[in-house]
A.B. asks: 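Please read through the structure below; I'll follow up with questions.
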Amino acid sequence: MTSLLRIGLGIDALIRSVYDAQCGPACPRLDAAGLDQWRRPLRVPGAENALWSMLAAGVPGLPADQVARLARVHLPKSVVFGARDDVFTRQTPQETARRIGSPPATLIPGARHLTMISSPEAVAAAVDRLTAASATASR
């Protein structure tokens, strides 16, 4: 598996394929610097083991006790997902919002898993709304 990872990290087309599948058509094409940016985290010590663990167990999340603690925090919260994210189930955004005590999740139309790259303005607008809600709550 280690050899396959190292070989795969050297294949630009493979990295672009994964990026394109998770990001979608609204994302900028990866140039040489972009390819390096996506490769670099997978080449640091410990990254391989973390990757294999994630592939075996799924995308890591917060343990239930931390989710419960987050739900008890009396500050505005927000959940933002790409409406076409296929890494998580369709129920995950609303279930996450319910569990942490936030309003219904904001779904960014057409966005996939890498919503912050494909739709930065929509994500920034969601952050702005949360910031405004936090400012109002603190008064």
Side-chain angles (χ1 to χ4, degrees):
M1 289 189 350
T2 297
S3 295
L4 288 175
L5 175 63
R6 290 179 183 165
I7 290 168
L9 287 175
I11 302 172
D12 292 355
L14 180 60
I15 294 170
R16 279 192 177 102
S17 175
V18 172
Y19 170 83
D20 290 346
Q22 293 306 312
C23 207
C27 290
R29 180 157 168 76
L30 288 180
D31 58 13
L35 287 164
D36 183 56
Q37 183 178 8
W38 285 92
R39 274 187 188 107
R40 198 172 326 120
L42 295 169
R43 289 185 167 154
V44 299
E48 252 177 71
N49 291 335
L51 179 63
W52 303 141
S53 174
M54 187 176 75
L55 290 174
V59 177
L62 290 176
D65 65 318
Q66 288 183 357
V67 172
R69 276 196 347 226
L70 183 57
R72 291 190 301 268
V73 173
H74 295 290
L75 290 172
K77 301 167 200 116
S78 181
V79 173
V80 179
F81 266 78
R84 295 187 56 216
D85 187 326
D86 64 357
V87 172
F88 296 98
T89 69
R90 288 191 168 278
Q91 296 78 25
T92 297
Q94 300 310 332
E95 180 66 18
T96 301
R98 184 189 65 74
R99 285 180 163 181
I100 68 168
S102 82
T106 299
L107 298 178
I108 307 297
R112 296 182 188 172
H113 187 64
L114 299 176
T115 307
M116 67 297 235
I117 297 171
S118 67
S119 306
E121 295 87 2
V123 172
V127 171
D128 286 345
R129 287 190 298 275
L130 179 62
T131 303
S134 296
T136 301
S138 67
R139 289 185 190 158

A.B. asks: I'd like to know if the side chain of Arg16 reaches the main chain of Leu30, judged simply by a donor and an acceptor atom lying under 3.5 Å from each other, with no hydrogens or angles considered.
C.D. replies: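 Checking the backbone N and O of Leu30 against the side chain of Arg16, a donor-acceptor pair under 3.5 Å is found.
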
A.B. asks: I need the minimum non-hydrogen distance between Cys23 and Ser118, along with the two atoms involved.
C.D. replies: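 Result for this residue pair: O-CB, 3.6 Å.
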
A.B. asks: Please lay out, stage by stage, how Arg39 and Asp12 fare under the test side chain to side chain contact (heavy atoms under 4.5 Å, CB included).
C.D. replies: CA-CA 10 Å; Arg39 274 187 188 107; Asp12 292 355; 2.3 Å; yes

A.B. asks: Short question: side chain of Lys77, backbone of Ile100 - any donor-acceptor pair under 3.5 Å?
C.D. replies: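 Between the backbone of Ile100 and the side chain of Lys77 there is a qualifying donor-acceptor contact (under 3.5 Å).
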
A.B. asks: Check the pair Ile11 / Ile15 against side chain to side chain contact (heavy atoms under 4.5 Å, CB included), numbers first and verdict last.
C.D. replies: CA-CA 7 Å; Ile11 302 172; Ile15 294 170; over 6 Å; no

A.B. asks: Minimum heavy-atom separation for Pro41 and Ala47, please, with both atom names.
C.D. replies: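 Residues Pro41 and Ala47, closest heavy atoms: O-CB, 3.2 Å.
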
A.B. asks: I need the minimum non-hydrogen distance between Ser119 and Ala111, along with the two atoms involved.
C.D. replies: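 It is OG-CB, 3.8 Å.
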
A.B. asks: With a 6.0 Å cut-off on ring centres, are Phe81 and His113 close enough?
C.D. replies: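 Ring-ring flag for Phe81/His113: false, centres at least 6.0 Å apart.
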
A.B. asks: Ignoring hydrogens and geometry beyond distance, is a side-chain donor-acceptor pair present between Thr92 and Thr89 at under 3.5 Å?
C.D. replies: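 Looking only at side-chain atoms, Thr89 and Thr92 do form a donor-acceptor pair, the distance falling under 3.5 Å.
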
A.B. asks: Between the side chain of Ser134 and the main-chain N/O of Leu130, is any donor-acceptor distance below 3.5 Å?
C.D. replies: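 Flag set: sc Ser134 to bb Leu130 pair under 3.5 Å.
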
A.B. asks: Is the side chain of Glu48 donor-acceptor paired with the backbone N or O of Leu42 at a distance under 3.5 Å, no angle test?
C.D. replies: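 No, the answer is negative, given that no donor and acceptor are paired below the 3.5 Å cut-off.
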
A.B. asks: So, for Ala97 and Ala105, which heavy atoms are closest and what is the spacing to 0.1 Å?
C.D. replies: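 Closest pair (atom of Ala97, atom of Ala105, distance): CB-N, 3.8 Å.
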
A.B. asks: Determine whether Arg129 and Thr106 make a side-chain contact, defined as any pair of heavy atoms from C-beta on separated by less than 4.5 Å.
C.D. replies: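 They are in side-chain contact.
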
A.B. asks: Side chain to side chain contact (heavy atoms under 4.5 Å, CB included) for Leu5 and Trp52? Distances and angles first, verdict last.
C.D. replies: CA-CA 10 Å; Leu5 175 63; Trp52 303 141; 3.9 Å; yes

A.B. asks: Do the side chains of Val80 and Pro93 get nearer than 4.5 Å, heavy atoms only?
C.D. replies: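 Heavy-atom side-chain distance check fails, nothing below 4.5 Å.
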
A.B. asks: Give me the atom names and distance for the closest heavy-atom approach of Ser78 to Ser102.
C.D. replies: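 For Ser78 versus Ser102, the nearest heavy atoms are N-CB, 4.1 Å.
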
A.B. asks: Could you walk me through whether Arg40 and Asp36 pass the salt bridge (charged side-chain N to carboxylate O under 4.0 Å, His left out) test, one step at a time?
C.D. replies: CA-CA 6 Å; Arg40 198 172 326 120; Asp36 183 56; 2.9 Å; yes

A.B. asks: Among the clusters formed by ILVMFWY side chains lying less than 4.5 Å apart, do Leu107 and Val87 turn up in the same one?
C.D. replies: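 Yes, Leu107 and Val87 fall within the same hydrophobic cluster.
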
A.B. asks: Does one hydrophobic cluster hold both Phe88 and Leu70, with members joined at side-chain heavy-atom distances below 4.5 Å?
C.D. replies: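 Result: yes, single cluster for both.
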
A.B. asks: Just do the side chain to side chain contact (heavy atoms under 4.5 Å, CB included) check on Leu114 and Tyr19 with the steps written out, would you?
C.D. replies: CA-CA 9 Å; Leu114 299 176; Tyr19 170 83; 4.2 Å; yes

A.B. asks: Taking Thr115 for its side chain and Gly82 for its backbone only, find out whether a donor-acceptor pair lies under 3.5 Å.
C.D. replies: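 Checked: pair present.
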
A.B. asks: Is there a path of hydrophobic side-chain contacts, each under 4.5 Å between heavy atoms, that joins Leu9 and Leu51?
C.D. replies: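 Same cluster: Leu9 reaches Leu51 through Ile, Leu, Val, Met, Phe, Trp or Tyr contacts under 4.5 Å.
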
A.B. asks: Between Ser17 (side chain) and Ala13 (backbone), is there a donor-acceptor pair under 3.5 Å?
C.D. replies: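 Judged by distance alone, no pair lies under 3.5 Å.
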
A.B. asks: Does the Arg112 side chain pair with the main chain of Arg84, one donor and one acceptor, at a distance under 3.5 Å?
C.D. replies: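 Checking the backbone N and O of Arg84 against the side chain of Arg112, no donor-acceptor pair under 3.5 Å is found.
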
